[in-house]
Amino acid sequence: MEFLPMRQILHADFDAFYASVEQREDPTLLGKPVVVGGRPELRGVVASASYEARGFGVRSAMPMRTALQRCPHAIMVNADFRLYNQVSRQVMSIFRNITSLVEPLSLDEAFLDVTDLVTDEESATDIAIKLKEKVRAVLGLTISVGVASSKSVAKIASDMDKPDGLTVVACGEEREFLAPLTVEKLWGVGPKTSERLSQAGVLTVGDLSSKTNEWMQANFGQVGLQMKRLSLGEDQSLVVVSRERKSVSAEMTLATDSNDPEALYDLVRRLSDRVGTDLEYRGIVAKTVKLKLRLADYTTFTRQETLISPVGSAEGIAEAAAKLLLPELSTERFFRLVGVGAGGLVPSSQAQIHMESMIQLRLGGFE
Ligand code: TTP
Ligand code: CA
């Protein structure tokens with residue numbers, strides 16, 4: 001097997017995400033048991049519980065009714081997904097200011113590969129401390145961070161010392177770190193697998209790591225071999241930057257069909273603003289800019305330009321889109337809808353200069 005050079009991975013995760021955001025929004029909730037979730041009379045469950053509420057045995061996914069039995073003075077708050085989404089985008093943008101190698105796992109957690117940032121003066125731990133401080137200063141929220149040589153160990157580490165934790169697993173100490181933990185801590189080991197393992201006397205990750213490959217394969221197949229590797233702290237999976245959308249676009253139908261260049265340029269600018277802001281949030285740049293146009297008779301077509309150098313800002317997108325619009329304008333042509341899109345997305349740091357520029361006319365589909 002080929003081995004990658006030693007890597008330095010951070011796993012960052014908000015503490016009591018929804019509940020902490022609510023405490024930040026309403027400081028009278030600070031220091032109090034807060035539960036975010038559905039109403040008990042509607043069979044609601046707890047989505048997130050503040051650490052004060054956890055002191056009373058309240059947990060995520062618990063029926064709200066049970067939570068209120070355990071902690072009758074808990075303060076119940078309805079979820080505000082728009083707000084959590086916004087905070088999520090903000091934290092991902094803080095992460096991406098540190099490195100473009102960010103893999104979000106959910107709204108409130110991400111892996112960062114900081115291997116290339118580590119120097120003699122600044123260790124991965126220093127970077128993790130800086131990250132925690134930045135999140136606290138900018139967002140007024142705490143994250144817990146795990147630092148390790150692989151994703152799976154970093155993820156387990158971030159959970160060890162919550163809230164506001166920082167757990168560093170030095171290279172070479174992965175096995176010792178994992179050994180005393182229960183098998184459910186390993187990625188992919190759910191209640192069913194852990195039950196089967198415990199019947200065979202395997203309770204801890206250490207127990208698992210001492211089983212032979214043959215035994216693991218005979219009892220759990222390929223997954224068994226993977227579990228064994230993880231139990232030894234062996235995980236070469238890469239931080240995957242963007243498994244998200246391949247393009248970003250925004251479009252709008254005009255209130256009335258228009259041939260007015262000013263109104264059309266204005267719309268292109270507003271749409272470019274939305275697309276550009278999205279790119280900036282995500283720390284990516286676009287190699288192509290597309291303009292989608294629909295005429296009054298519903299004929300729809302797109303123009304696209306592959307740029308000499310990729311753009312990542314609203315202005316850059318608008319400039320390219322406006323250039324595409326110019327040759328389409330005529331007094332006889334009334335437009336019904338305009339769309340602006342960005343494709344060929346790459347992380348800002350990996351942007352390559354393209355030596356050719358081309359304009360293509362494509363009929364139909366718009367990503
Ligand atoms: P988690 O990271 O699992 O939980 P948490 O951030 O509330 O607490 P901590 O990490 O400190 O243990 O999930 C992140 C958010 O996802 C959580 O705030 C609410 C939401 N969520 C649900 O809506 N339902 C659930 O069952 C879980 C587990 C989380
Ligand atoms: Ca969390």
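When a ligand or atom number is given, it counts from 1 through the structure's own listing order. Sequence positions, counted from 1, serve as the residue numbers for this chain.
Atom OD2 is the N, O or S atom of Asp108 at the shortest distance from the Ca ion (ligand 2). Nearest to the Ca ion (ligand 2), among the N, O or S atoms that Asp13 has, is OD1.
Every atom of ligand 1 with a heavy atom of Asp108 under 4.0 Å away is listed here by number and element: 2 (O), 6 (O), 14 (C). Taking every heavy atom of Asp15 and a limit of under 4.0 angstrom, the matching atoms of ligand 1 come to 11 (O).
Considering backbone and side-chain atoms together, Ala16 places an N or O closer than 3.5 Å to an N or O of ligand 1. Ligand 1 has a nitrogen or oxygen under 3.5 angstrom from a nitrogen or oxygen of Phe14. The shortest N or O to N or O distance between Ala19 and ligand 1 is not under 3.5 Å.
Judged by distance alone, the side chains of Ser88 and Asn85 never bring a donor and an acceptor atom under 3.5 Å apart. With no hydrogens or angles considered, a side-chain donor-acceptor pair links Ser237 and Asp235 at under 3.5 Å. Using modelled atom types, one finds no donor on one side chain facing an acceptor on the other under 3.5 Å when comparing Glu174 with Ser150. For Ser194 and Glu184, the side-chain atoms include at least one donor-acceptor pair closer than 3.5 Å.
Residues Leu324 and Leu295 share a hydrophobic cluster, clusters being chains of Ile/Leu/Val/Met/Phe/Trp/Tyr side chains in contact below 4.5 Å.
A salt bridge links Asp164 with Lys132: at least one charged nitrogen is closer than 4.0 Å to a carboxylate oxygen.
Distance check on atom 11 (O) of ligand 1: some protein heavy atom falls below the 4.0 Å cut-off. At a distance under 4.0 Å, no protein heavy atom can be found next to atom 3 (O) of ligand 1.
In Tyr51, the part holding a heavy atom less than 4.0 Å from any atom of ligand 1 is the side chain. Residue-level proximity to ligand 1 for Asp13 is carried by the side chain, the only part with a heavy atom below 4.0 angstrom. Counting heavy atoms closer than 4.0 Å to ligand 1, residue Ser60 contributes side-chain atoms (C-beta onward) but none from N, CA, C or O.
Under the 4.0 angstrom criterion for non-hydrogen atoms, Met62 is not in contact with ligand 1.
Between the Ca ion (ligand 2) and Phe14 there is an N/O/S contact shorter than 3.0 Å.
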Derivation and outcome, salt bridge (Lys or Arg N to Asp or Glu O under 4.0 Å), residues Arg294 and Glu251:
CA-CA 10 Å; Arg294 179 169 295 149; Glu251 59 182 50; 5.5 Å; no
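For atom 21 (N) of ligand 1, the closest heavy atom belonging to the protein is Ala47 O, 3.5 Å. Looking only at heavy atoms of the protein, atom 20 (C) of ligand 1 is closest to Tyr18 CZ, 3.5 Å.
When the shell of 6.0 Å around CZ of Arg65 is examined, it contains 12 or fewer heavy atoms from other residues, nucleotides or ligands.
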